[in-house]
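Model, not experiment: these values are computed from the prediction.
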Amino acid sequence: MIDGRILSGTRFRGSAFALTDRLVATAAHVVRDQPAAELTFVTAGWSVQVQEVRVDPSIDAAILRVAESLPVVPPLAHAQLHEQWRVTSRPQKADSQLTGAVRAIDHMIVNAGDHDMTVLQLHVAEELRDYSGYSGSAVVVNDSIVGLLVEQVRERAAAPGSRPMAANVLYAVPVDRLVARFRLNLKVERPSAAAEPRQLLNTAYFDLDVLKNAILDARTAATDRMLALGIPVQCTDMKVVENLRDWLPAHFGEFEPKGQLTLRAEVNSVERVVGYVARYRQELDRVNVFCPILVDAVPAEHITRFIDEVRSRIGPHRKWIVLLLVGEPADGFPEPVVALPQPRFVPRDVNGWASNMIALRRWPSPLAAVWRGDRSRADRPPGPEDRGRHA
């Protein structure tokens, strides 16, 4: 999980966390009246500009689209009664993490904006008397995000003329309600499940930023609702394709994934594959469609004819159809296809992955320098500034 802080210029606004590789969640009141261009999401070794802000005051939640892909995508889960939770965001560098137990999963309140909403009621063990700055944090159970922290509860009794201190009760928006309200089409597990450590070592989760930007640029330039994208990877390396497929809903909406087809002449004729794809036309007025097409060694003229005939057969439609042409055609991708860059490692990806793996496991931060090959930091003994610092 990646948690961090929202800055407006240099001013701290509140906490936040990565919900997908390009979407950051926070409380609505953290970014209220702030233009996206002035906001930055800052996390361990990472500072990313905010491009778009979507706010829903009825649940005091906001989704921020950031300019670059973040390397670790967290698992999401439903909270269960009596589970032990934690919040690792720190408004200030010396602040403690918060821990406690889930006391209610469907508590009805009227929030500070006078909206009815259902929240998780959390008992917090750390009696800080004021939890300002923690709003927007991820509430975590067993390494899965279960909620978005939005509100503290003030003591009901206070001395005359004094400001009530915070009680040891916090409220959080359940993550499934956050996903549903913003129509993010993300999977929320039930019951809570621990993160799969091997997923964090899968390079396809953090080296696809340049491809994703190219897809978003292609969508902006498109003259109709059909995208033909070419990705020059081996057909056996379908994990990259799966991760791109799973990323698309956050930017296009819900997708109906289709089984892969092949344009190889020894398997299918162009006309036959066009016929398969044309059958998806009836779905394109209600849902986006994603279909991978294998094109290793396929002549460019066959690909061009396939794209032109599919566009003619399906005609105008409301939703997107994304044809992902996978492999290396005989003559390269022809003009109707937007050729995506070759997936690759860059040092920044590896550095960001190392920092966030260290933060996720809550190990001493100098270990990240060892993994990055930064011997100037790795060789020195940990100092006071590293004690308890993991992000």
*Tell me, with the steps shown, if Met226 and Val310 meet side-chain contact (heavy atoms from CB on, under 4.5 Å).*
CA-CA 9 Å; Met226 176 173 156; Val310 166; 3.9 Å; yes
*Could you check Ser144 against Asn142 for side chain to side chain donor-acceptor pair (under 3.5 Å), going step by step and ending with a plain yes or no?*
CA-CA 6 Å; Ser144 293; Asn142 296 328; over 6 Å; no
*Cationic tip of Arg219 above Phe252 ring, under 6.0 Å, 45° of axis*: yes
*So Ile231 and Leu325, side-chain contact (heavy atoms from CB on, under 4.5 Å) or not? Walk me through it.*
CA-CA 6 Å; Ile231 180 169; Leu325 309 181; over 6 Å; no
_If we ignore hydrogens and angles and just use 3.5 Å, is the side chain of Asn268 paired with the main-chain N or O of Val273 as donor and acceptor?_
no
*Rounded to the nearest 0.5 Å, how far does CD1 of Ile105 lie from CG of Leu122?*
12.0 Å
*Heavy atoms, side chains only, cut-off 4.5 Å: are Trp85 and Leu98 in contact?*
yes
*Any chance you could lay out the side chain to side chain donor-acceptor pair (under 3.5 Å) test for Gln84 and Thr99, step after step, and finish with the verdict?*
CA-CA 7 Å; Gln84 297 298 305; Thr99 60; over 6 Å; no
*From CA spacing to verdict: side-chain contact (heavy atoms from CB on, under 4.5 Å), Val50, Val31*: CA-CA 11 Å; Val50 173; Val31 294; over 6 Å; no
*Given Thr26 and Arg13, is the side chain to side chain donor-acceptor pair (under 3.5 Å) satisfied, shown in steps?*
CA-CA 10 Å; Thr26 188; Arg13 298 284 306 182; over 6 Å; no
*How many angstroms lie between CG in Leu149 and CG in Leu120, if you round to the nearest 0.5 Å?*
10.0 Å
*Is the shortest distance from a Lys or Arg side-chain nitrogen in Asp285 or Arg318 to a carboxylate oxygen in the other one below 4.0 Å?*
no
*asked:* Please say yes or no: joined through hydrophobic side-chain contacts below 4.5 Å, possibly via intermediate residues, are Val42 and Val24 part of one cluster?
replied: no
*Thr88 and Asp3: side-chain donor and acceptor closer than 3.5 Å?*
yes
*Check the pair Lys212 / Asp217 against salt bridge (Lys or Arg N to Asp or Glu O under 4.0 Å), numbers first and verdict last.*
CA-CA 9 Å; Lys212 294 172 181 177; Asp217 289 343; over 6 Å; no
*Between Cys291 and Tyr280, which heavy-atom pair has the shortest distance, and what is it?*
SG-CE1, 4.1 Å
*Are Asp130 and Arg154 side-chain neighbours, meaning at least one heavy-atom pair lies under 4.5 Å?*
yes
*Going by heavy atoms in the side chains, are Gln260 and Leu324 under 4.5 Å from each other?*
no
*Check Ser96 against Glu126 and note the closest heavy-atom contact, atom names and distance.*
OG-CG, 4.2 Å
*Is the side chain of His123 donor-acceptor paired with the backbone N or O of Val169 at a distance under 3.5 Å, no angle test?*
no
*Take Arg22 and Asn213 through the test side chain to side chain donor-acceptor pair (under 3.5 Å) and record every step on the way to the result.*
CA-CA 10 Å; Arg22 293 291 288 270; Asn213 284 331; 3.0 Å; yes
*Is there a donor-acceptor pair closer than 3.5 Å between any side-chain N or O of Asp296 and the backbone N or O of Glu328?*
yes
*What about Val119 and Val179, same hydrophobic cluster or not, with Ile/Leu/Val/Met/Phe/Trp/Tyr joined at side-chain heavy-atom distances under 4.5 Å?*
yes
*asked:* Are Val298 and Tyr276 linked, directly or through intermediate hydrophobic residues, by side-chain heavy-atom contacts shorter than 4.5 Å (ILVMFWY only)?
replied: yes
*Would you say Tyr134 and Leu128 make side-chain contact, with heavy atoms under 4.5 Å?*
yes
*Tell me, do Val188 and Leu186 make a side-chain contact under 4.5 Å, heavy atoms counted?*
no
*Can you tell me how far CZ of Arg11 sits from CD1 of Ile6, rounded to the nearest 0.5 angstrom?*
13.5 Å
_What I want to check is whether the side chains of Thr40 and Arg5 have a donor and an acceptor closer together than 3.5 Å._
no
_Distance-only donor-acceptor check, side chains Arg86 and Gln97, under 3.5 Å_ = no
_Could you report the tightest heavy-atom contact between Pro174 and Thr118, atom names first, then the distance?_
CD-O, 3.5 Å
*Does Leu148 reach the side chain of Val139, with side-chain heavy atoms less than 4.5 Å apart?*
no
*Go through the steps for Ile303 and Val337 under the test side-chain contact (heavy atoms from CB on, under 4.5 Å), then give the verdict.*
CA-CA 9 Å; Ile303 296 175; Val337 179; 3.8 Å; yes
*To the nearest 0.5 angstrom, please state how far the CD1 atom of Ile307 sits from the CG atom of Leu227.*
10.5 Å
_Side-chain donor/acceptor of His317 to backbone N/O of Gly315, under 3.5 Å_ = yes
*For Val87 against Ser137, the heavy-atom pair lying closest together*: CG1-CB, 3.4 Å
*Thinking salt bridges, do Asp106 and Arg177 make one under a 4.0 Å N-O criterion?*
no
*Are Ile215 and Trp247 side-chain neighbours, meaning at least one heavy-atom pair lies under 4.5 Å?*
yes
*Hydrophobic cluster membership, Val153 vs Ile109, 4.5 Å side-chain cutoff*: yes
*What do the steps show when you test Asp246 against Lys187 for salt bridge (Lys or Arg N to Asp or Glu O under 4.0 Å), and what is the final call?*
CA-CA 10 Å; Asp246 294 342; Lys187 185 177 181 180; over 6 Å; no
*Under the 6.0 Å and 45° cation-pi test, does Lys258 pair with Phe290?*
no
*Is Leu216 reachable from Val241 through a run of hydrophobic residues whose side-chain heavy atoms are each under 4.5 Å from the next?*
yes
*Just wondering, do Leu229 and Val322 contact through their side chains at under 4.5 Å, heavy atoms?*
yes
*Where is the tightest heavy-atom contact between Asn288 and Trp320, given as atom of each residue plus distance?*
OD1-N, 2.7 Å
_Heavy-atom count check: over 12 atoms from other residues, nucleotides or ligands less than 6.0 Å from Arg103 CZ?_
yes
*For the student: nearest non-hydrogen atoms of Val289 and Glu283, plus distance*: CG2-CB, 4.4 Å
*Count the heavy atoms of every other residue, nucleotide or ligand shown that sit under 6.0 Å from CD of Glu271, and state whether that count exceeds 12.*
yes
*salt bridge (Lys or Arg N to Asp or Glu O under 4.0 Å) evaluation trace for Glu309 with Arg311*: CA-CA 5 Å; Glu309 292 186 14; Arg311 181 169 272 117; over 6 Å; no
_Gap separating the CE atom of Met108 from the CE atom of Met117, nearest 0.5 angstrom_ = 9.5 Å
*Drop me the distance from Leu7's CG to Leu39's CG, to the nearest 0.5 angstrom.*
9.0 Å
